Amino acid sequence: QVQLVESGGGLVQAGGSLRLSCAASGRTSSTVVMGWFRQAPGKEREFVEAIRWSGDITYYADSVKGRFTISRDNAKNTVYLQMNSLKLEDTAVYYCAASMRPWAKYSDLGAYAYWGQGTQVTVSS
């Protein structure tokens with residue numbers, strides 16, 4: 001199994017920045033892709049960004065392109081989400097997830113077997 005622990009959420013004004021972290025432990029050697037998803041009140045969980053553990057391939061949703069950046073530190077088994085130019089509509093619970101399926105679609109919830117507890121990001125005006 002894999003355990004994911006998130007940190008970095010909080011309250012920020014519109015236009016500000018936050019960096020989320022997700023530390024992985026346990027059976028991490030089989031991890032292929034790590035991703036970030038978010039869920040706003042009354043909304044379905046949606047894909048934000050993902051990154052392959054090896055190589056330099058990233059994926060992102062159009063809604064965050066140019067504002068959010070996903071990165072990783074293999075030595076620390078940690079993935080990050082740098083969020084800049086935050087908007088009110090970015091308010092959501094953000095989740096990190098790990099996928100062990102090399103051929104699964106990066107944006108599909110079903111591709112990810114392990115999830116963090118979620119961290120609240122609130123953007124105020």
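All residue numbers in this chain count up from 1 along the given sequence. Scope of the values below: all heavy atoms of this structure, side chains included, with no hydrogens, waters or symmetry mates. Model, not experiment: these values are computed from the prediction.
Tracing side-chain contacts under 4.5 Å through hydrophobic residues (I, L, V, M, F, W, Y), one never reaches V121 starting from L11; they form parts of separate clusters. Linking Ile, Leu, Val, Met, Phe, Trp and Tyr whenever their side-chain heavy atoms come within less than 4.5 Å puts V64 and Y94 in one cluster. M83 and Y59 are not part of a single hydrophobic cluster, where members link through side-chain heavy atoms under 4.5 Å apart. Follow the hydrophobic side-chain contacts under 4.5 Å out from L4 and you never reach Y80; the two are in separate clusters. When hydrophobic clusters are built by joining Ile, Leu, Val, Met, Phe, Trp and Tyr residues whose side-chain heavy atoms come closer than 4.5 Å, directly or via intermediates, Y114 is grouped together with I70.
In terms of heavy atoms, V2 sits closest to A24 at CG1-CB, 4.4 Å. Looking at every heavy atom in both residues, G110 comes nearest to R101 through O-NH1, 2.8 Å. Pairing each heavy atom of N84 with each of S17, the nearest pair is OD1-OG, 2.9 Å. Shown here for A40 and A92, the closest heavy-atom pair between the two residues is N-CB, 3.8 Å.
Residue-environment remark: NZ (K76) stays at or below the threshold of 12 foreign heavy atoms within 6.0 Å. Environment of OH in Y60: sparse, with no more than 12 heavy atoms of neighbouring residues, nucleotides or ligands closer than 6.0 Å. By the neighbour-count criterion of 12 heavy atoms within 6.0 Å, atom CD of E89 is densely surrounded, having more than that number from other residues, nucleotides or ligands.
Distance alone, capped at 3.5 Å, places no donor-acceptor pair between the Q13 side chain and the V123 backbone. Side-chain N or O atoms of E6 include one that pairs as donor or acceptor with a backbone N or O of T119 at under 3.5 Å. Using a distance-only test at 3.5 Å, with no hydrogens or angles considered, no donor-acceptor pair links the side chain of Q1 to the main chain of G26.
A search for side chain to side chain donor-acceptor pair (under 3.5 Å) contacts involving S25 returns Q3, not counting sequence neighbours.
Here the OG atom belonging to S71 is positioned 9.5 Å from the CD atom belonging to E49, to the nearest 0.5 angstrom. Expressed to the nearest 0.5 Å, how far CD of Q117 lies from SG of C22 amounts to 8.0 Å. In this structure, R67 CZ and S85 OG are separated by 7.0 Å, a value rounded to the nearest 0.5 Å. A distance of 8.0 Å separates CD1 of I51 from CH2 of W53, quoted to the nearest 0.5 Å. The line from CG of L18 to CZ of F68 is 9.0 Å long, rounded to the nearest 0.5 Å. A distance of 10.0 Å separates CD of E46 from CG of L109, quoted to the nearest 0.5 Å.
In summary, the side chains of D73 and T78 do not present any donor paired with an acceptor at a separation below 3.5 Å, with no hydrogens or angles considered. Using modelled atom types, one finds no donor on one side chain facing an acceptor on the other under 3.5 Å when comparing R52 with Y106.
Checked against the 6.0 Å centroid criterion, the rings of Y112 and F37 qualify as a close aromatic pair.
The cationic group of R38 does not satisfy the cation-pi geometry with Y95, failing either the under 6.0 Å distance to the six-membered ring centre or the 45° limit from the ring axis.
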Pair T31-M100, side chain to side chain contact (heavy atoms under 4.5 Å, CB included): steps then yes or no = CA-CA 5 Å; T31 299; M100 285 70 184; 3.4 Å; yes
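Between V79 and W36, the closest side-chain pair of non-hydrogen atoms falls below 4.5 Å. Looking only at side-chain heavy atoms (C-beta outward), S125 and L88 come within less than 4.5 Å of each other.
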